[in-house]
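Worksheet: one structure, shown below.
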Amino acid sequence: MIKITFPDQSVREFKEGVTGLQIAESISPRLAKEVLSVSVNDQVWDCTRPITESAAIQLHKWDDKEGKDAFWHSSAHLLAEALEALYPGVKFGIGPSIENGFYYDVDLGDRVLSDNDLPDIEKKMQELVSQKLTFSRNEVSKSDALEYFKTKEDEYKVELISDLEDGSITLYKQGNFTDLCRGPHLPDTSKIKAIKLLSLAGAYWRGDETRKQLTRVYGITFPKKKLLDEYLVILEEAKKRDHRKIGKELELFTFSHKVGLGLPLWLPKGAQLRERLEQFLKKVQIAYGYLPVITPHIGHKELYVTSGHYAKYGEDSFQPIQTPAEGEEFLLKPMNCPHHCEIYKSKPHSYKDLPIRYAEFGTVYRYEQSGELHGLTRVRGFTQDDAHIFCKPDQLKEEFAKVIDIVLYIFSTLAFDNFITQISLRDPNTPDKYIGSDENWEKAEKAILEVAEEKELDTIIEYGEAAFYGPKLDFIVKDALGRKWQLGTIQVDYNLPERFELEYVGQDNQKHRPVMIHRAPFGSMERFIAVLIEHTAGKFPLWLTPDQAIILPISEKYNNYAQKVSNLLNNSEIRTLVDERNEKIGKKIRDNELRRIPFLLIVGEKEENEGTVSVRRQGDGDKGAMTIENFVNLVTQEIEKQLNQSSNN
RNA sequence: GCCAAUGUAGCUCAGUUGGUCAGAGCAGCUGAUUUGUAAUCAGCAGGCCGUGGGUUCGAAUCCCUCCAUUGGCUCCA
C-alpha cells in the first residue's frame, strides 16, 4: 500500500500502482469522468499512469490549467494523426498546447495547405475521436527513439531527440500515431467533443529565422460543444471590437498609402481623444514633480552612436538623413532618452537637485518590418508618453513606487481593473551579460520586488528577461474579453548614464553617476488608444469621449431650441452636438447610438415648452425628461466620480 | 523580411463553369415628408473590379510580377 496525500492534506491509502483515474473513481464517478491529468509531487502526469510510491497528488479537471494542457496537448497529437492519415510522409516539428488551444508545426514537403483543407482535417479528427483511441506511454532508450524516427525519416524529431538525455525519453502512441512527447495526455480521445481548426501560418523551425519554415496548424478543442460555441462567440466579439474597425467607424484615425505604411493619421475625433488623454497625464505628472521638456524629431547620428542604439539597431532603422554639409548625418529619433540625457548634461547637478524627472510626449520613428505592422498597435511613427527620472541609487525605490502610483491611477481612471505586472530580472546564470555593478543590480532588483509587494501588485517574475542595461516592470492589462496587452513599462537603466557620462556632485563633493528610470504609463499613445478602443468597444469614459451629448430635435421645427440647449451645454463644458438632419427621430437615435455618443437628448414641442430635454443613455434607453440644469449636474457628477474615485485608490 | 489567404464605389458586400457582370445596401447629393425613442419614400450621382504584364476572338473571373491588407512566424531600443 502507498499513502496518497490530497491537496487538503488528508491522506488515504491505495494499492501500489494505483492511477489518478482510479483514485478519482474512488471519490466519485463524476470526478472520474472529469479528471484530465494529475499532479504527482508537483509533476503533471497522465491520470492513467501507475503511481508506485507514496505521493502528494492533485487531480486536474478542465478548469485547471494543467487539465486544459493535457486536453489540448492530446488534441495536438490527434491533429498530427489526422494529418499523417491524410498526407502520408508528413514530417512533424512540435505540437504544444497554448493559451487558447494548440498547434502543430508540420513539414508537408511540396504540398501547400490552405484554409479549405481545414474542414477535411477536422473531419478526420472527428473520425479518429469516435474510435476512442487510448494514449499509451512508453519509456524508451535514446537509441531506440532515434532509430524509430530515423526510420520514419522525421528529421525534426531526430534533432529534438539528439538534444535530450538518455533515460528521460518517452513516446506516446494513440491509434497509428507515435510521437516523441513528455506528456501528459488524456486517457483516450473520447473526451474531445468539439474540434475547431482555426488558422494556418508559417512558423520557423525552432523559431529560427534562418531555418526552414514549417506550416503551423492552429486549433482548439473542448469537452463540450457548448464551450466551443461560446469561444466562437468571443472570437466574433473580438472582431467587432477590433480597434481598426471601430477606429474607422468612429473616424478616429486612418492610414494612407501615400503618406506611408505604419504612419497613422489622426482624424479630428481621434486627435481630440488623444489630446484629452495627454492633458490628463500631463496634469498628473506635474502634480508628481515632472518637468516638461521638448526635443526635436531628429538628432545627429553621433547621438545614437553614443547611446549605443546605432550599433544595435542602425541597420534596421530609417536610414540617416543627409545634409548639404559633407558627411553630416541625422537620424529620425527612434527614442527620446538620448535627448533627455543631453538635457541633463546641459548643466552640472548637485545631489540636492535629484531626482530630476523630464517628461515629453515624444514622437519617435522605428522602421518596423512590414509584416509586423498592425493597426495602431504596431506602427512606424508613434508618440511615447515618455519620461526619464535621474536619481541617486538610494532614491530608486521611492521613485519606482511613485511611478507605479501614476500607472495605477491611470488604469483605474480608465477602467482597466484587471491587470498583472511582470518583473524582469537578470538571469542569475549569465551575470556577465549585464552592464552595471552587481551591487546596483541587486539594489534595483530588491527595490522593484519590495515596491511590488508593498503595492500589493499581482506579480509574475521572469528571470533572464531583463534588458542588458537594467531590470524592469511591465504592466499587462486584461481587457473586457480577457485578452492580455502589455502597456506601461518602468525600466531601470545603468547603461545610458554611463555612456553619456552623466554625473552629479554628492554630499561628499565627489562626482557620482545617477541611475536613470525610463517610464511610459501608456507605453505609446497609439498602442494605448488601440487597447482602450478594444477594451471599451469604443464606448469611452464620459470624461474622455470626444462628444458627450447630441441633441436630436423631433423635427426641424425644434432646431432653434436644440441650438439654444447646445449653447447652454457647451457653456457648461459639456461637449454637445446637434443632429439637424431632416430625419425621423428613430433614425437619429439609431445613427447616434451607433456613434456611441453617451447621451442622446431628444427635444420636441413638450421639451421646448417646459425647457427640458428627454435624456437617453447610449445603450441603456430612455431616462425621461429633466431640466437642462439637472442634466448638467448629472454629467458633471458622473465625470467627477470617474476622475475622483480613482485618485482615492 | 518569411509562410498562407485576401484585394470589386467612401463603407459593408454580390458577381455562378471567362461571353450585356460593372451590381446591391449604407453613406453622399436633389426632392417629397415635419415626424416622439434603434433605419420614411423617390430620384441622381459614385468604380481603370489593387498594380503591371500575359493567355484568349473576349478577362473582375485563368496565369505571372509587384503593391497592400489579414492571420501567424521572426523582430520590437
Side-chain angles (χ1 to χ4, degrees), chain A residues 98 103 105 107-108 112-118 198-218 239 242 244-245 248-249 251 254-257 260-262 304 307-314 316-317 333-338 364-375 377-380 382 384 386 467-469 472 486 489 491 493 495-496 518 523-524 527 552-559 581-595 600-607 614-625:
Chain A
I98 52 177
Y103 66 78
D105 284 348
D107 181 352
L108 292 148
V112 174
L113 273 193
S114 87
D115 293 340
N116 301 331
D117 299 317
L118 295 181
L198 297 164
S199 64
L200 292 167
Y204 300 109
W205 170 233
R206 304 196 114 177
D208 186 340
E209 214 176 347
T210 61
R211 306 199 63 180
K212 183 162 178 167
Q213 194 157 39
L214 307 180
T215 303
R216 178 169 295 179
V217 185
Y218 283 93
K239 252 189 218 165
D242 191 313
R244 293 165 299 186
K245 181 174 144 70
K248 201 179 266 177
E249 284 168 6
E251 298 183 1
T254 189
F255 291 90
S256 143
H257 292 177
L261 304 185
Y304 307 103
S307 72
H309 291 113
Y310 186 77
K312 194 145 190 246
Y313 299 102
D316 305 320
S317 292
K333 145 168 110 174
M335 79 283 303
N336 303 297
C337 5
V364 297
Y365 300 89
R366 297 177 184 178
Y367 191 79
E368 305 291 355
Q369 297 186 83
S370 62
E372 279 313 318
L373 301 173
H374 179 94
T377 58
R378 197 77 187 272
V379 285
R380 284 179 173 166
F382 57 96
Q384 295 177 312
D386 213 355
F468 74 94
Y469 52 78
K472 64 176 177 175
Q486 198 217 298
T489 177
Q491 303 187 10
D493 187 347
N495 180 45
L496 285 183
H518 308 250
S524 83
R527 193 180 161 77
L552 314 181
I554 294 287
S555 82
E556 287 179 343
K557 283 192 257 174
Y558 310 106
N559 280 359
R581 293 176 306 162
N582 175 11
E583 293 289 352
K584 291 173 86 165
I585 194 66
K587 168 82 163 166
K588 290 189 187 182
I589 287 171
R590 179 184 156 78
D591 287 351
N592 288 294
E593 286 270 346
L594 292 174
R595 285 168 81 190
L600 311 186
L601 306 179
I602 291 136
V603 298
E605 188 179 357
K606 193 168 125 245
E607 288 78 8
S614 281
V615 179
R616 191 188 158 98
R617 184 83 213 222
Q618 200 271 353
D620 200 24
D622 195 354
K623 297 281 157 203

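These numbers were taken from a predicted model, which means no experiment stands behind them. Throughout, a chain's letter reflects where its sequence line sits, starting with A, and its residues are numbered from 1.
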Would one find a side-chain N or O of A:Lys606 under 4.0 angstrom from OP1 or OP2 of B:G36?
no
Out of B:A5, B:A77, B:U40, minimum distance to the side chain of A:Asp115 belongs to B:A5
Which part of the nucleic acid does A:Ile585 contact within heavy-atom distance under 4.0 Å: base, sugar-phosphate only, or nothing?
sugar-phosphate
What is the nucleic acid contact for A:Glu605, judged by heavy atoms within less than 4.0 Å: base, sugar-phosphate only, or nothing?
base
Report yes if a donor N or O on one partner sits less than 3.5 Å from an acceptor N or O on the other, where the partners are the side chain of A:Arg378 and the base of B:C75; otherwise report no.
yes
Partner set under ring-ring contact (aromatic ring centres under 6.0 Å, His included) for A:Phe468, not counting sequence neighbours
none
Closest of B:U34, B:A68, B:C76 to the A:Leu261 side chain is B:A68
Looking only at the side chain of A:Asp622 (C-beta and beyond, no hydrogens), which of the listed nucleotides B:U35, B:U37, B:A38 gets closest?
B:U37
When you measure from the side-chain N and O atoms of A:Ser370 to the phosphate of B:G1, is any distance below 4.0 Å, counting only OP1 and OP2?
yes
Counting only heavy atoms not in A:Glu251, do more than 12 fall under 6.0 Å of its CD?
no
State which of B:U37, B:G71, B:A68 makes the closest approach to the side chain of A:His257.
B:A68
Scan A:Ala203 against the nucleic acid and name what it touches under 4.0 Å (heavy atoms): base, sugar-phosphate only, or nothing.
sugar-phosphate
Is there a side-chain polar atom (N or O) of A:Arg581 under 4.0 Å from OP1 or OP2 of B:A27?
no
Quick check: any donor-acceptor pair below 3.5 Å linking the side-chain of A:Gln213 to the base of B:G1?
no
Quick one: on RNA chain B, does A:Gly619 or A:Lys472 contact a more 5' nucleotide (nearest heavy atom)?
A:Gly619
For a quick check, tell me whether the side chain of A:Arg216 and the base of B:A4 share a donor-acceptor pair closer than 3.5 Å.
no
Between B:A27 atom P and A:Arg590 atom CZ, what is the distance in whole Å?
9 Å
Nucleotide nearest A:Ile602 when distance is taken to its side chain, options B:G36, B:C2, B:A77:
B:G36
Looking only at the side chain of A:Lys587 (C-beta and beyond, no hydrogens), which of the listed nucleotides B:G36, B:C75, B:A39 gets closest?
B:A39
Let's test this: given Watson-Crick or G-U wobble pairing with both distances under 3.5 Å, identify the partner of B:A27.
none
If you measure from CG on A:Leu552 to CD1 on A:Ile585, what distance do you get to the nearest 0.5 Å?
5.0 Å
Residue A:Arg244, side-chain atoms from C-beta onward, closest of B:G71, B:U37, B:A39:
B:G71
Test salt bridge (Lys or Arg N to Asp or Glu O under 4.0 Å) on A:Arg206 and A:Asp208 and set out the steps.
CA-CA 5 Å; A:Arg206 304 196 114 177; A:Asp208 186 340; over 6 Å; no
If you look at every strand shown and take non-hydrogen atoms under 4.0 Å, does A:Lys248 touch a base, only sugar-phosphate, or nothing?
sugar-phosphate
With no angle test and no hydrogens, is the base of B:G36 tied to the side chain of A:Tyr558 by a donor-acceptor pair under 3.5 Å?
no
Between A:Gly621 and A:Glu209, which has a closest nucleotide on RNA chain B that is more 5'?
A:Gly621
So, do A:Tyr218 and B:G72 meet the stacking rule of ring centres under 5.5 Å and planes under 30°?
no
B:C2, B:A77, B:G36: which one has an atom nearest the side-chain heavy atoms of A:Arg366?
B:A77
Does B:G46 adopt a syn or an anti glycosidic conformation, taking syn as a chi angle within 90° of 0?
syn
Once ring-ring contact (aromatic ring centres under 6.0 Å, His included) is applied, do any residues pair with A:Tyr218, and if so which ones, sequence neighbours excluded?
A:Tyr103
Phosphate OP1/OP2 of B:U69 contacted by A:His374 side-chain N/O (<4.0 Å):
no
Quick one: label A:Ser614 by what it contacts on the DNA or RNA (base, sugar-phosphate, nothing), any heavy atom closer than 4.0 Å.
base
